[in-house]
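Some notes on the structure that comes next.
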Amino acid sequence: MTLTAQCPDCGNARGLFNHCPHCGSEIQPDLSTDVVEINIKQGAPTVEEALELLTEHLRQCSELGIKAIVLIHGYGSSGEGGRIKWAIQDALESNRYADRVTEYFFGERVAYGTDSYHALLKRRPGLKQYLKRFKEGNTGMTVLLLGTSHRNA
């Protein structure tokens, strides 16, 4: 999935995090949402590459004023969780991203109707369209809240 937005210089569609292919502008676009979805597993990165991508996306999202990220990291094919999922969860729990991520919710704990589900909607109503995928809990996704004050795994 590629995140797109309108270029503030020329008005053409462009990727959210890269320069405009039409005019070359590196000015970040204004967004009409404070929630984005990022598929960190797209392109089959290694664990290290995925963590580097996440670091870069977190920096860019913070600069753009994004308040919540629905992070798709996949579950892996082993039936026990994939390496990227476990590395991201470990990084979150060991505060690797504490400078940007101040609250996170693992997909398996955010099933429809749970306390975590309602807490997320209360903090970020824009998540409602994404949380529909969490009806039974979704082990391949994690919700990251940026700039809030609590942690909840």
Side-chain angles (χ1 to χ4, degrees), residues 1-6 8 13-18 27-153:
M1 166 182 275
T2 301
L3 300 173
T4 60
Q6 184 177 23
R14 59 174 271 190
L16 183 61
F17 297 131
N18 51 6
I27 297 173
Q28 296 295 328
D30 292 328
L31 300 175
S32 61
T33 183
D34 65 353
V35 178
V36 295
E37 180 179 292
I38 297 174
N39 186 339
I40 204 76
K41 69 177 188 146
Q42 186 174 17
T46 65
V47 169
E48 291 76 25
E49 291 169 338
L51 292 173
E52 288 175 22
L53 281 169
L54 179 56
T55 299
E56 181 62 18
H57 286 320
L58 287 171
R59 183 191 63 75
Q60 292 170 332
C61 285
S62 292
E63 289 174 1
L64 291 170
I66 301 294
K67 300 296 182 197
I69 298 171
V70 176
L71 182 66
I72 300 171
H73 45 65
Y75 183 66
S77 59
S78 68
E80 297 177 6
R83 290 175 296 179
I84 291 174
K85 172 191 172 171
W86 294 121
I88 288 172
Q89 287 187 352
D90 182 58
L92 290 167
E93 290 178 342
S94 64
N95 296 320
R96 177 175 175 171
Y97 301 112
D99 62 325
R100 307 236 192 255
V101 178
T102 55
E103 192 168 3
Y104 53 89
F105 294 81
F106 301 139
E108 57 267 30
R109 298 192 182 151
V110 195
Y112 179 81
T114 63
D115 290 341
S116 293
Y117 172 89
H118 291 295
L120 275 171
L121 286 184
K122 184 176 181 181
R123 288 182 187 93
R124 290 282 155 225
L127 283 167
K128 187 172 186 174
Q129 66 178 330
Y130 299 98
L131 294 181
K132 292 176 185 176
R133 298 184 217 155
F134 286 72
K135 292 199 189 279
E136 299 295 324
N138 186 325
T139 58
M141 298 167 70
T142 297
V143 176
L144 309 174
L145 299 185
L146 311 179
T148 59
S149 60
H150 303 287
R151 291 194 187 277
N152 187 5

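Note that the numbering runs from 1 along the sequence shown for the chain.
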field: Considering all heavy atoms, the nearest Ile88-Ile40 contact
entry: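 Looking at all heavy atoms of both residues, the shortest contact is CD1-CG2, 3.9 Å.
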query: Any idea which heavy atoms bring Ala87 and Val47 closest together, and the distance?
result: CB-CG1, 3.4 Å
Any side-chain heavy atom of [X] within less than 4.5 Å of one from [Y]?
X      : Y      : value
Leu144 : Cys61  : no
Glu93  : Tyr104 : yes
Leu146 : Lys67  : no
Ile69  : Leu54  : no
Lys85  : Gln89  : yes
Asp90  : Trp86  : no

task: Tell me, with the steps shown, if Glu56 and Glu52 meet side chain to side chain contact (heavy atoms under 4.5 Å, CB included).
output: CA-CA 6 Å; Glu56 181 62 18; Glu52 288 175 22; over 6 Å; no
Nearest 0.5 angstrom please: [X] [atom1] to [Y] [atom2], how far?
X      : Y      : atom1 : atom2 : result
Phe105 : Arg123 : CZ    : CZ    : 4.5 Å
Thr46  : Leu53  : OG1   : CG    : 9.0 Å
Lys41  : Arg83  : NZ    : CZ    : 13.5 Å
Ile66  : Leu145 : CD1   : CG    : 12.5 Å

- request: Could you give me the CA-CA distance, side-chain angles and deciding distance for His57 and Leu71, then say whether side chain to side chain contact (heavy atoms under 4.5 Å, CB included) is met?
  value: CA-CA 10 Å; His57 286 320; Leu71 182 66; over 6 Å; no
Side chain to side chain contact (heavy atoms under 4.5 Å, CB included) between Val35 and Val143, intermediate numbers included: CA-CA 10 Å; Val35 178; Val143 176; over 6 Å; no
- prompt: For Gln42, does its backbone N or O pair with a side-chain atom of Asn39 as donor and acceptor, under 3.5 Å?
  reply: yes
